[in-house]
Every structure is written in C-alpha cells, then in structure tokens.
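Inspection log for the structure reproduced underneath, given as structure tokens.
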Protein chains: 2
Amino acid sequence: MHDVAAAAGVSRGTVNRVLNGGYVSATARTAIEAAIAKVGYVPNTAARNLVRRRSQAIGFLAMEPHSLLLEDPNIGAIMLGANEVLSVADHQMVSLVVDSYRDTERVGRYLRGGFVDGAIIVSARAHDPITRLITQLRLPATFVGHPPDLHHSIPFVGIDNVGSARTITQRLLQTGRRRIGMIAAALDRDSGADRLTGFRQALGDRFDPSLVAEVPLYDYSNGVKGMRVLLDREPLLDGVFAASDAVAAGALEVLREAGRTVPGDVGIVGFDNSSWAMRTQPPLSTVHQPAREIGQNAAELVLNQVRGTEPAARSILLDTSVVWRDSA
Amino acid sequence: MHDVAAAAGVSRGTVNRVLNGGYVSATARTAIEAAIAKVGYVPNTAARNLVRRRSQAIGFLAMEPHSLLLEDPNIGAIMLGANEVLSVADHQMVSLVVDSYRDTERVGRYLRGGFVDGAIIVSARAHDPITRLITQLRLPATFVGHPPDLHHSIPFVGIDNVGSARTITQRLLQTGRRRIGMIAAALDRDSGADRLTGFRQALGDRFDPSLVAEVPLYDYSNGVKGMRVLLDREPLLDGVFAASDAVAAGALEVLREAGRTVPGDVGIVGFDNSSWAMRTQPPLSTVHQPAREIGQNAAELVLNQVRGTEPAARSILLDTSVVWRDSA
DNA sequence: GGTTGATGTGTGAACGTGCACACATTGGCA
DNA sequence: TGCCAATGTGTGCACGTTCACACATCAACC
C-alpha cells in the first residue's frame, strides 16, 4: 500500500480511501487505480483482519464421524445452501471436519484465532466441547438441528422432526398397516430422538416398545441390522418406519432376502428424500427435508448476528412434505 | 500477551519464549503459565500470521458443479484422507467450494489474502482461472488428477487411469465378451479421457468408435442416457465398461428394463469401487480407487512444499486394483 | 583473573492495514 | 469581509504478535 501511495504521488490515507470509501478527487482516484494495477497490489488480509477484527469468513463445522460424513446426503446440500447465501454476502465459507480429539483442539484454536466471524454447526452432540467453546467465545453461530443441552443460547434452524415422523407414520396406518415397527437411529441427536417421539405419538395406544430397533447411525448397514432385529422379534410385521432413506434401503434388502414383498407384505417409509429414495426397488415413500433451504437459513441467521441486526425470529423451523412413492 | 507479561512480572519477550521455545528459567515459566491461565490468554492468530507470513491452514478446493459434489463418492474420501495428514501436521484444512464465477473471484481473494499456506485442488479443468492464479502466486499446491494444460508446473497425485481401464477391459475380453461398448464420461477431465484411452488400448484392432457413448458427468442419470444410446446402436452388445460405478448403476437399470440379464446376456464393469458397487443388483466388478490415500498423499505433497523440503518424487501415481464381483 | 560459552532476560522495530484527527482548499451566504 | 459546511488530503497511532539484538548472570577453564 505504501508503494502504491508512492507510485501515485499521494499518501497512504488517500489510497485507503479509494479502497474503502471516503472523499477522493477524480484525479487522485484514477492515479491510484493505475498505480494499483502497475504495482500489482493486493490487500493483506492478515493485517486487515488484525485491525478490523473481522475475517469475512464463516466456519461450517461438520461434527460427524468420518464414515457418516461420506454417507449423509443432507450435509452436502446444507453446505451448498449455506455457501450460496454467504457467497452473495461476500463471505467465504470454510468448512472444517471435526472428528477426533485432535481435531477438536485444533478447530478450537482456529475459532478463537479470529479466522472466522461466525460458525454454522451441523449435528453437534450434547455436551460437545466445541459447542461450549462457541458459547464461551460468544462467537456468532447457528446450529443445524440444535443439541439438546443448549435450547436457548444459540439460534438454530431445522425441521419439525416430531411432526414429520408423526405424519408419515399416520399415513402408514391409513393404508391399513397394523403391526408397525421402527428402525430408530442416532438417538443421541435431536433428529433421531424426535423422529422416535413422532412415531410414538402417531401410534398412541398401539405403540409397542418391542417393535423399536435402536441403531447408532443413519446408514445402510444399520438399516440391515435394524431390520433383522425387527423381523426376529415380530415376523408378522406389516409396516416399517426407517429413520432415514439409507436405513430404509438396508431394510429393504433384508426384507427381500427374507422373501417379503414390498409394498405387498410390508409397507416401508424413509426420511430425507435423498438420492436413495428414488433408486431403491421399489422407490421409497419418504419425508422431504429441505436441506438446501436449511443451509441458506442457517447462513442468514449467522450473518444477522455478525452484522448485529437482530433477526425477527431467533430460530427457524422449516416445513417438510411427504413424498408418496411405491414402497408404502 | 502484554497483560500476561505484566501479571507474571516479566517482559513480552519471555512470554513469547515460553510459547515458542527458547531459554526460559523454570520459575519464570511457571509464573507465566499461571498468568496465562489467569488472564485467559489466547494468541491472536491474525497478528501472528501478519508477522510470520504463515496461517497454518491449507485450502481444499473442490471445483465441482454443485450437483456433482453431492454425488461423487470419492471427493469426500479424498478430503478426509487429506484432513488426517494435515491434522497430524497441525495444519487446519479449510475446504472451499468453487462453482460460480462469483466463487472464483472470492476464492481468489481468499487465496491471495494469506488465509492459506497451500492448496489441494480437486478436479480442476483446463484453463481454469483459479489454476492460473495459483501458479501466478507460486502458492504451494497439489492437484488431485492434474489438468491437461499444466503437466509440470504443479505436482499432482492420482491413479493410472489408462492402465486401470485397460486392465478391467481386458478381463471383460477374457470372460468371452466380444461386442464391448463404453459409456465414457467427463472427457474434459484427465480421468475421463484417460479411461477412454485405456479402453481403446485394450481392444486394439477390435475397437469400434460407434460403441462409445459420450456423456458429460459421472453420475447415475448419465449412465441411463449412455446405456440407451449404446443399446440403440448395438442391440447385440455383450459387454459394457462404465466410466464410474454410478454410471454403471444407471446402465444396469436400463439393461434390466430392456430385459437383458447381467451377467448372463451382458457383462458390465464400473470404476471407483464406491458404495454403489456393492449395492447394485448384481454387485459390480470395478476398479478400486484408493481415494483416502490420494488425499493423504496430496496433503503430504503440499506440506513438503510449504516446508521447503523438496519431495523425492514431484508427482505420485497410486496403484489401483480390480475388484471382481458378479456383474462380469 | 580474564576469557569463553551457555543460559536467561528486556527492548525496539517491524508486519500492513484502518481510523481518528488535524489541516487545506473551495464555494456559498449573510 | 468573515464564517461555515462540504470536500479533499496527510500523519500518527494502534492492532498483537515475532524476531534480532543487546545485555546480564554464572560456571568452567587455562
């Protein structure tokens, strides 16, 4: 910047004003712009960050075990949705994978170090050290699917998992299924726990705890495991609510091996409306989750905090819709 | 830091030495450590970066159209592999999505701004502006699958696409297939073009250009399109090399609709050994691509450049293996 | 007892910006 | 003429570190 000022025959202050706005004469402006081009000047962001206490970057924290990150179809869409909004607002999205303890510590340093002005946190668990750190730092942040222990301190954006699960289970009932089981995954997250709650609400008196198979993750192989458990406990099962499409796909495979037809003998529904849903045989009835919009809303919520403009609603619940295909 | 020094009754220099190494007496060290804890001191990275001209961060640039980023099973694994190595080396991986022109410009500023010490670039195309920028900045970088126009300036890590495609096509020949077609995808990338080359080499004199269906992307829907073209051109087709597992999955669907049995009437092979391969009916024979190792090697190559220790080999080609399942 | 080397400590000058302030020049108006 | 507001420009300091250098102390050695 000093060189630019010298080349244009003005002071640093004037150069700064053409870059950041202020009173500048036309002659000075053209001279400086020429000098910038000639010198090949690019602002040094580290210096700018130092004095402005801003980085124009927002962290996207994916707190997933590695394996799941690869499988989860939502996380990518959420990420892209967030990037769209941040991009328009001229902020850089930087996504960080948090898995091991080593990651936690380093990401913590990264967040404290002023590399980002805010953070979007996907699938945090209860009592996560990163979560604690963010509240402690008062870093502008938004959760995607809030963790159970932080209901009010940080805004979140998500869907009504309880209601959606209730709705799709009810339609399973309406199509005449009577012995309905659930493969419940990821009960340590709000999404997993809420889907089970919705399932229970829909069944009411008919709810039978023995027809719930609990599995740790939302993936295909856990669908396989869960379905084996259910079939073992209740051979007469005629309906299944799988906590995700991937789980449903695994379940379908087991049903096929067991000689059950779908939707003839057993009706099955999933959750997510991911690419799985359209490619299983038969295609899955499922809950459409607006992943891209979730990302967009999360980004807006963070930006509002960064800018200091308080949003009207602190948290956002987006609508889902049921996609009715052939599996039930 | 000044506060810490005051609280411990020493100078900034001594505080700096306990943080970054140097001669410090035991008494001073304990006093400073106590002061750090009391004051709640965390180093300001912007200031540190400013003077050190280092950020301890490596950019991971995914230059994919949004849709593909979600579908590609390799990219996630490459990312995680890179993160492992960078994590151990105490560097932060920040991944940036580059899709629109707006992204390009902003990411360019990000790279120039000193936010990262190096970059890993996945699936760059020829004459990409970001690629040009990186060479221009002399930013330490590594390509995953080098773009055609930059053979020597920046190291890359990849697989031998030509050889792998040749090998798997040969085994298609060895199992007695005679009218073999290919669904060639993404010919604007080295990977896509090389796989076609390998296919041609394996067939030698028997190569028939009319049995190559060209499609733009490595995904399921392009597999559907490509297979329709092939069946239309050559109803007697008895072998197909699909440029990726997703493409093969789409092709399988079309074959099934057309009443062809696999592997009875038609043998089909894919590429990637992704999650698709194990879940199609029948499971796919395919080329295993060591995506995680690719990421690890890319990270090491970048770190070598950042540290100034020149690597023995500038670029790395990793071995693939053929996974023989039921589809051919 | 002076020289040497190892060990320990403090100080000032950068790094490249942004910002507050002081100052200069104009034109309009009473 | 004098005053004020609008427009333009330059200067010094601050942001929070790192690093080179100067300096202090102490033990060991010829």
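The chains referred to below are lettered A, B, ... by the order of the sequence lines, with proteins before strands, and numbering in each begins at 1.
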Give each protein N/O atom lying under 3.5 Å from an N/O atom of nucleotides 3-7 of chain D, with the pair distance.
| from | atom 1 | to | atom 2 | distance (Å) |
| --- | --- | --- | --- | --- |
| dT7(D) | OP2 | Y23(A) | OH | 3.1 |

Looking at residues at least two apart in the chain, or sitting in another chain, which of them share a side chain to side chain contact (heavy atoms under 4.5 Å, CB included) with [X]?
X	result
A46(B)	N49(A), L50(A), N44(B)
P129(A)	T104(A), R132(A)
A291(B)	N74(B), A77(B), I78(B)
R52(B)	N20(B), R48(B), R54(B)

Sequence-distant partners of R106(B), salt bridge (charged side-chain N to carboxylate O under 4.0 Å, His left out), two or more places apart: D103(B)
Results of salt bridge (charged side-chain N to carboxylate O under 4.0 Å, His left out) for R17(B) - residues two or more places apart only: none
Ring pair (Phe, Tyr, Trp, His ring centres under 6.0 Å) partners of F115(A), counting only residues at least two apart: Y110(A)
Short side-chain N/O contact to dG8(D) OP1/OP2 from T14(A), under 4.0 Å: no
Listed pairs under 3.5 Å, donor-acceptor, residues 28-35 of chain B side chains, sequence neighbours left out:
| from | atom 1 | to | atom 2 | distance (Å) |
| --- | --- | --- | --- | --- |
| T30(B) | OG1 | A26(B) | O | 3.3 |
| T30(B) | OG1 | T27(B) | O | 2.8 |

Partner residues of S95(B) under the side chain to side chain donor-acceptor pair (under 3.5 Å) criterion, sequence neighbours left out: S95(A)
Contact state string [nucleotides 13-25 of chain D, B base, S sugar-phosphate only, - no protein heavy atom under 4.0 Å]: B-BBBBB------
Rounded to 10 degrees, the angle between the two terminal axes of the helix from dG1(C)-dC30(D) to dA30(C)-dT1(D), each from five pairs: 60°
Touch class at under 4.0 angstrom, heavy-atom based, for A28(B) against every strand present: sugar-phosphate
Pair Q296(A), E84(A): side-chain N/O donor-acceptor within cut-off below 3.5 Å: yes
